[in-house]
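Heavy-atom basis, side chains included; hydrogens, waters and symmetry copies ignored.
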Amino acid sequence: MSDVPANSFSHEFQVPASAIDALGHANNVEYVRWVQDVSGAHWYTICPAEKHDAYIWVVREHRIRYKQSAFADETLRATTWVGETSGATSLRLTTITRVADDVLLCEAETTWVLLDPKSGRPVRVTPEMVEWLRPS
C-alpha cells in the first residue's frame with residue numbers, strides 16, 4: 001500500500017468488548033465494519049450537507065490484509081484516502097493502527113460504486129466530486 005497522503009482522513013475509536021471473538025481478539029468482520037465506518041465518515045465530512053441524500057456509495061469489493069490483532073478497550077486509528085476514481089467507481093485505501101504504539105493492524109483496499117439512491121443505478125463521479133475526494 002502506498003504512503004498515506006496529506007489529504008487523508010482519520011478518526012479514533014475504542015475496540016468494544018462486543019468485537020472480541022472466541023480467540024480473544026477483534027473478529028475480522030469488525031475490521032470490515034471499521035473500514036466502512038471511516039469511509040462513510042470521510043464522505044460526510046467532504047460532501048456538502050445539501051448533497052448527502054443525493055448519492056450513496058456501496059462496496060463492490062474489499063481486499064483486507066490482517067497484520068496484527070486488536071483487543072478490547074484498545075484505541076485504534078482508522079485512516080482513509082481515495083486512490084483512482086473512474087466512471088462510477090472509486091478505490092479507497094484504509095489503514096488501521098493501534099494508537100498506543102502506532103503498530104499497523106490492517107490494510108484495506110475497497111472499490112466503491114456511486115449510486116443514485118432513488119434508482120439504485122450507478123452514476124458517474126463528477127469532476128467536482130473528484131476534487132472533494134482527492135483535493136489538490
For [X] versus [Y], what's the shortest heavy-atom pair and its separation?
X: Pro117; Y: Ala54; result: CD-O, 3.2 Å
X: Ile64; Y: Ala108; result: CG1-CB, 3.9 Å
X: Gln68; Y: Leu104; result: CG-O, 3.6 Å
X: Asp3; Y: Trp81; result: O-CZ2, 4.2 Å
X: Leu115; Y: Gly120; result: CD2-O, 3.7 Å
X: Thr79; Y: Ser10; result: OG1-OG, 2.7 Å

* **Asp53, CG: over 12 other non-hydrogen atoms inside 6.0 angstrom** => no

* Asked: Should we count CD of Glu84 as having more than 12 external heavy atoms under 6.0 Å?
  -> no

Taking the side chain as every heavy atom from C-beta outward, state whether [X] and [Y] have any pair of such atoms under 4.5 Å apart.
X: Leu114; Y: Ser90; answer: no
X: Glu128; Y: Lys51; answer: yes
X: Val32; Y: His62; answer: yes
X: Trp112; Y: Arg60; answer: no
X: Val15; Y: Ile20; answer: yes
X: Gln36; Y: Val59; answer: yes
X: Arg98; Y: Leu105; answer: yes
X: Trp57; Y: Ser39; answer: no

* When rounded to the nearest 0.5 angstrom, what is the spacing between CG in Asn28 and CZ in Arg33? -> 12.5 Å

* Asked: Atom CG of Asp73 and atom CD of Gln14: how far apart are they, to the nearest 0.5 Å?
  -> 5.0 Å

Do [X] and [Y] sit in one hydrophobic cluster, given that two such residues count as connected whenever their side-chain heavy atoms are within less than 4.5 Å of each other, even indirectly?
X: Leu133; Y: Leu91; result: no
X: Leu76; Y: Phe71; result: no
X: Val103; Y: Val35; result: yes
X: Trp43; Y: Val123; result: yes
X: Val82; Y: Tyr55; result: yes

* Asked: Does Ser8 use its side chain to pair, donor to acceptor, with the backbone of Val4 at less than 3.5 Å?
  -> no

* Answer yes or no: is there a donor N or O on one side and an acceptor on the other, between the side chain of Thr97 and the main chain of Val99, under 3.5 Å? => no

* To do: Only one of Arg65, Glu61, Arg92 passes side chain to side chain contact (heavy atoms under 4.5 Å, CB included) with Glu109; say which it is.
  => Arg65

* To do: Using distance alone, with no hydrogens and no angle criterion, decide if His42 and Thr80 have a side-chain donor and acceptor under 3.5 Å apart.
  => no

* **side-chain contact (heavy atoms from CB on, under 4.5 Å) assessment of Lys67 paired with Glu107** => CA-CA 8 Å; Lys67 305 273 191 179; Glu107 296 177 313; 3.4 Å; yes

* Using the test ring pair (Phe, Tyr, Trp, His ring centres under 6.0 Å), find all partners of Phe13 that sit at least two apart in sequence or belong to another chain. => His11, Trp34

